[in-house]
Amino acid sequence: MSDKKPQENSRNATEIKREVKLNGAPEPASSMQLPKAYDPSLIEQRWAEHWTRERLFDVATPATNSHNSPGRPTGGQREAEKGSASSFTMLLPPPNVTGRLHMGHMLNQTEMDILARWHRMRGETSLWVPGTDHAGIATQMMVERQLAEQGTSRKALGREAFEQRVWQWKEQYGSAITDQMRRLGASVDWSREYFTMDSRLSVAVKEAFIRLWEQGLIYRGAYIVNWDPVQQTAVSDLEVTHEERAARLYHVRYPFADGTGSIVIATTRPETMLGDVAVAVNPSDERYRDAVGKLIALPLSAVSGGPARTIPILADDWASPEFGTGAVKVTPAHDPNDFAIGQRHSLPSLLIMDETAHIHLPGSPYHGLDRFAAREKIVADLEAAGLLVEIRDHKHAIALSQRSGAVIEPRLSMQWFLAVNKKPQAPGGPFIERSEMSGGERNSIARNAIDAVAQGHIKFTPEMYSKTYMEWMNNIHDWCISRQLWWGHRIPAWLCPDGHITVARTTPTECSTCGTTNIQQSSDVLDTWFSSGLLPFTVFGWDGSNALTPDLAAFYPTSLLVTGFDILFFWVARMIMLGCHFMLDVPMPDGAPRTLADAVPFKGVYIHALVRDANREKMSKTKGNVIDPIEIITRYGTDAVRFTLASMASPGTDIAFSEARTEGYRAFANKIWNAARFIFMNIERARAANIEVTLPSATTLGAPSKLRLGGKEERLSAPSIERSEMSGEQKNLDDDNPIPTPSDPIESRWIVARLSETAAAANAALAAYRFDEAASLIYQFFWGDLCDWYLEIVKLRLVFDITPEAFPTSEDSERALASTTTALATLVTVFDAALRLLSPFMPFLTEEIWHALYSQAPPAKSIALTRFPQAADFPADKSALREMSLLQELIVAIRALRKELGVPEKESAPIRLHAGPELTLHLEFHQEILDRLARVSEVHISDAPLTGANSRSTAAFDVAVIFEKKIDVAAERERLTKELAKLDKQIAANEARLADTSFTGKAPAHIVDGLRKQTADLVTLRDKTRLALDNLPRE
RNA sequence: GGGCGGUUAGCUCAGUUGGUUAGAGCGCCUGCCUUACAAGCAGGAUGUCGGGGGUUCGAGUCCCUCACUGCCCACCA
């Protein structure tokens, strides 16, 4: 027995006191006077800092020979078990270092955190590695904007100084997004935080490039790329978005050079005509049969007053007779299709624009004009020359740079490519046809990436994304990996004036081909996705050698990648390509060669939905409908927002984020807070009355080896239940009453059984990434079962006033004491388990309450280091479930009747009950419950069915409330009539089906039997209803 | 031009391999300040599951078709 004073008991009380004081509120005297409403702002920040400071979620690199570490220390550093199946590893999709947290991040991180915490609480080594991405273009843009404000520019600074500025920027602001992550409660291992430009990772990136080069998988070549004239860099196909816009199709007359006629071409981009080198028509096009071979004097092409350029008309299949005039101008340097035509016909490529998309034609009147200004002027000049035939409206998709929004200018330039096809590569060789970049047999890097998914080594959830992935992989082009930026991993290649390439690990002094010392490093950097595509192994120490580092041995392949479909191709596909490629060369921990199954960067990919606004609109800055998670968190609390996202995260559909929903879950948090207050209040009362409170002591995780048995070895979490069960059995044996007496109160047996059911379902849901299901199960259990029913009933058992006056005999008082003690133990045990169930979803609130519960000595440093409830931890008492559900049905019926009859809320009333033994058997033990929950003063058992207007019937019982008030006969008649019609209809339908021999013959027996039983019940109910209707007094 | 989703209560969404009376939250109506919680408690109303056709003993669930809607991919000037 404890004789501690209530004031000393609750650390929760003192902690909150301090917080409340800081916030200027009056200091509460005890936990009973804790704020009635839950205020997340008082606790969340504190726990977020605590978790980080205590390094609770760090996972140490396993020592080379440490298997079998004896259990995990209760918190802080743990060692991963080498090669153990019980480890769960995830990589955080690195947010851009320039980024601010948005709802997409929050959804992503909530889901990952729930999984990380769940696995951790199941006794697995749960490692979640955070980091940030240097985000080449985004970051460079950000800093350039800053420079512009300061009146300078990247070019004025020079490359080296600029890079330094970006680093400065990163040092200053780079942690903004990770600081925001901490507020979300992400249980990541901060000791492993990386930045993609860290020197460790940079070395690996360089090595990866060099190896791919040596393997002939990277080549440099001239090709039309998507050129962003604002950023002045090439961008990949994926970084281009298309937008349908109203445009114009210009029909322009090109006169023949010999003056014998002309041909009319159609173009949407007249300004590029200055770069035309031919006009193409389809060889089968009768209209132009005679024109093929003629020369054209290209209008407006005169430079410095010279003559116009002449260009040929040629036949090429690409020209479609149906489109425009059937004649197309050919501008190889500014259009990928034209480029291909140029290749086929050995035409030159005339680059007529500079990097900023201004016309570059010295001597031409258009020189120096922006491309759109040039278009206007050219159209005007054509018109003046009488060469503009017509202008048609034309809808077409224009290409925009995703990053800068600039209209993409296809532009011929030298770039570096990662090959996906088996074809001879000539480094620095001539032009590459687009068809060569996509067609043909796949090389190993693409083949492996396809096989990894096709063979099931990587599983997508939802599964349909594997199809999307396959579709894309089967159609990709070579990947342009070079960017003309200054911020990023610089390509380790040097060029000599003759165009020879020297790829080297350290700065070379001469060209490896011709020996000249006149060499210069390529100014290009690598696509950001190239480096992030390597992360799954570079974060674990891969350095380009094929050495198996301890981290790789322990954590590769990672278990799961959680991400949005928007980066499926950008990142997921690239990780698969690069992971499979490089890791195949790294041996397994046992020295065996690695197969594709273990080379993959992750075993599973969970693709989540997009978070939209309440009106299902995509959030965008321009629309101004962006919901800032931090702002929402501030208003509702992180836990409530997390729970909202989890409960709405059903696979396959986007999330329309609704604040109404969040309000609901804030209420849920408040509900739990108040349930906790109720429990603390009773613990204090108990201690004041010198009644011992048994806190669950075994909720922490035991040795991992033990846990892997699946929790069947013992009931870790419910010691008091076990005890009471034993005593119950004895009681049953001793009892000479032939009717079995429930040894424990029904509510105890029931809530524990429900806990078992809920744990089973929640674990299954999480295993299937059904966050919504798991959340709803836990919500239902906590609020519906625990708070609405169990807590209300258990109040009956919590008797603290055990005085001689109240309990005259010592037998009575002992029984009361025992009942209170047992009830408290169950209450606390169940509540503790419920908190643990909820903990992955609402880590802050549960942490706070859990610590308060174990005021003196929490069994672990954090609830996050305790065990997630498993079904086997609790007896699944089926009979208790049935018994309780009948009782609940009865209570609900009585409540409804009372309401109908207008019984004042506070007034007790007697009932009459006609029921089978299933319900009446234990009824004497339930009288108190009936009184408390349905204000039943007395129960009269009736042998005859009850059909009065004050009665209600179910298949299992009739119940009548005895109350002298006239009922609304008309309303009752209406209700019963409606009910009768419904029942009749249902019975008729059922009977028809049962009469159908094809149904009874073909349907499985349990379905037919079930339907029979249901029909019988319905008939009973129908008869009762009809009787009740007949018995209604006539008006 | 290809491909993939979605359409279930006023709103936001669940609904497992077809199987007994389609669910939840919010909102709505009625009554309650019942000493954990009014961010609460209790009771209640609300659905020809987008339209049509088919398969089946049985369809919200499978197939076909139409409509509306969203997304991804794509070199048509």
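So that the names make sense, note that chain A is the first sequence line, chain B the second, and so on, each numbered from 1.
- Distance noted for atom C1' between B:U46 and B:G10: 9 Å (whole Å).
- Atom CD1 of A:I891 is separated from atom P of B:U34 by 20 Å (rounded to the nearest Å).
- If you measure from atom CG of A:D639 to atom C1' of B:A39, you get 15 Å, rounded to the nearest angstrom.
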Polar pairs (N or O, both sides) under 3.5 Å between protein and nucleotides 26-31 of chain B?
{"from": "B:U30", "atom 1": "O2", "to": "A:K899", "atom 2": "NZ", "distance (Å)": "3.1"}

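- Not counting sequence neighbours, the partners of A:N763 by the side chain to side chain donor-acceptor pair (under 3.5 Å) test are A:W118, A:R122, A:Q870.
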Counting Watson-Crick and G-U wobble pairs with both distances under 3.5 Å, what is the dot-bracket string for RNA chain B, 5' to 3', using [ ] for crossing pairs and | for pairs to another strand? (((((((..((((.....[...)))).(((((.......))))).....(((((..]....))))))))))))....
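- In this entry the distance linking CZ of A:R666 with P of B:A38 reads 13 Å, nearest Å.
- Nucleotides B:A9 and B:G60 have their P atoms positioned 15 Å apart, rounded to a whole Å.
- In this structure, the CZ atom of A:R635 is 17 Å from the P atom of B:A39, given to the nearest Å.
- Nucleotide B:C73 holds its C1' atom 11 Å from the CG atom of A:D237, rounded to whole Å.
- In this structure, CG of A:D285 is placed 21 Å from P of B:C76, rounded to the nearest angstrom.
- With sequence neighbours excluded, the residues forming a side chain to side chain donor-acceptor pair (under 3.5 Å) with A:R371 are A:E409, listed by chain and number.
- In this structure, A:R287 contributes its side chain and A:P321 its backbone to a donor-acceptor pair below 3.5 Å.
- Between A:F339 and A:Y223, the distance separating the two ring centers is shorter than 6.0 angstrom.
- Between B:U61 and B:U16, the two P atoms lie 11 Å apart (nearest whole Å).
- Taking the ring-ring contact (aromatic ring centres under 6.0 Å, His included) definition, one finds that A:F678 meets it with nothing, sequence neighbours left out.
- Among the atoms of the strands shown, base atoms are found under 4.0 Å from some heavy atom of A:S320.
- Here the separation of B:C73 from B:C64, taken at their C1' atoms, is 26 Å to the nearest Å.
- Scanning for salt bridge (Lys or Arg N to Asp or Glu O under 4.0 Å) contacts around A:D39 gives an empty result, with sequence neighbours left out.
- Spacing between atom NZ of A:K671 and atom P of B:A36 amounts to 11 Å, rounded to whole angstrom units.
- The aromatic rings of A:F668 and A:Y665 lie perpendicular to each other, with more than 60° between the two planes, well past the 30° mark.
- A:L791 comes within 4.0 angstrom of a nucleotide base, judged by non-hydrogen atoms across all strands.
- Judged by the 6.0 Å distance and 45° axis criteria, A:R993 is positioned over the aromatic ring of A:F999.
- The side chain of A:K36 contributes no N or O atom lying less than 4.0 Å from OP1 or OP2 of B:G40.
- In terms of the side chain to side chain donor-acceptor pair (under 3.5 Å) criterion, residue partners of A:R770 (sequence neighbours excluded) are, by chain and number, A:D772.
- If you check every strand for non-hydrogen atoms under 4.0 Å, A:A896 touches sugar and phosphate atoms only.
- Nucleic acid contact for A:R895: sugar-phosphate only, since backbone atoms but no base atoms lie under 4.0 Å from a heavy atom of the residue.
- With sequence neighbours excluded, the residues satisfying salt bridge (Lys or Arg N to Asp or Glu O under 4.0 Å) with A:E390 are A:R392.
- In this structure, A:Y665 reaches neither bases nor backbone, as no heavy-atom distance under 4.0 Å exists between it and the strands shown.
- Comparing the same atom, P, in B:A22 and in B:C26 gives a spacing of 22 Å after rounding to whole Å.
- Contact annotation for A:A319: base contact, defined as any heavy-atom pair under 4.0 Å involving a base atom.
- Residues passing the salt bridge (Lys or Arg N to Asp or Glu O under 4.0 Å) test with A:D335, sequence neighbours excluded: none.
- Within 4.0 Å (heavy atoms only), A:D788 reaches sugar-phosphate atoms of the nucleic acid but no base atom.
- Using a 4.0 Å heavy-atom distance criterion, A:D996 is classed as a sugar-phosphate-only contact.
- Residue A:W318 is classed as a base contact, given a heavy-atom separation below 4.0 Å to a base.
- Counting non-hydrogen atoms under 4.0 angstrom, A:V1008 reaches nothing in the nucleic acid.
- Ranking B:C72, B:A39, B:C4 by closeness to the A:F569 side chain, first place goes to B:C72.
- The number of heavy atoms from other shown groups lying within 6.0 Å of CD (A:E907) is above 12.
- Rounded to the nearest Å, the gap between the C1' atom of B:G15 and that of B:C4 is 22 Å.
- Taking the side chain to side chain donor-acceptor pair (under 3.5 Å) definition, one finds that A:D984 meets it with A:R1022, sequence neighbours left out.
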Heteroatom pairs (N/O) under 3.5 angstrom, protein to nucleotides 15-20 of chain B:
{"from": "B:G15", "atom 1": "OP1", "to": "A:R770", "atom 2": "NH1", "distance (Å)": "3.0"}
{"from": "B:G15", "atom 1": "OP1", "to": "A:R770", "atom 2": "NH2", "distance (Å)": "3.1"}
{"from": "B:G19", "atom 1": "N2", "to": "A:R993", "atom 2": "NH2", "distance (Å)": "3.3"}
{"from": "B:U20", "atom 1": "O3'", "to": "A:Q1014", "atom 2": "OE1", "distance (Å)": "3.4"}
{"from": "B:U20", "atom 1": "O2'", "to": "A:Q1014", "atom 2": "OE1", "distance (Å)": "2.7"}
{"from": "B:U20", "atom 1": "O2", "to": "A:G1010", "atom 2": "O", "distance (Å)": "2.7"}
{"from": "B:U20", "atom 1": "O2", "to": "A:L1011", "atom 2": "N", "distance (Å)": "3.4"}

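- Looking at heavy-atom distances under 4.0 Å, A:G326 makes contact with a base.
- Annotation: salt bridge (Lys or Arg N to Asp or Glu O under 4.0 Å) contacts of A:R411 (sequence neighbours excluded): A:E355.
- Here B:U21 presents its P atom at 16 Å from CG of A:D984, a figure rounded to the nearest Å.
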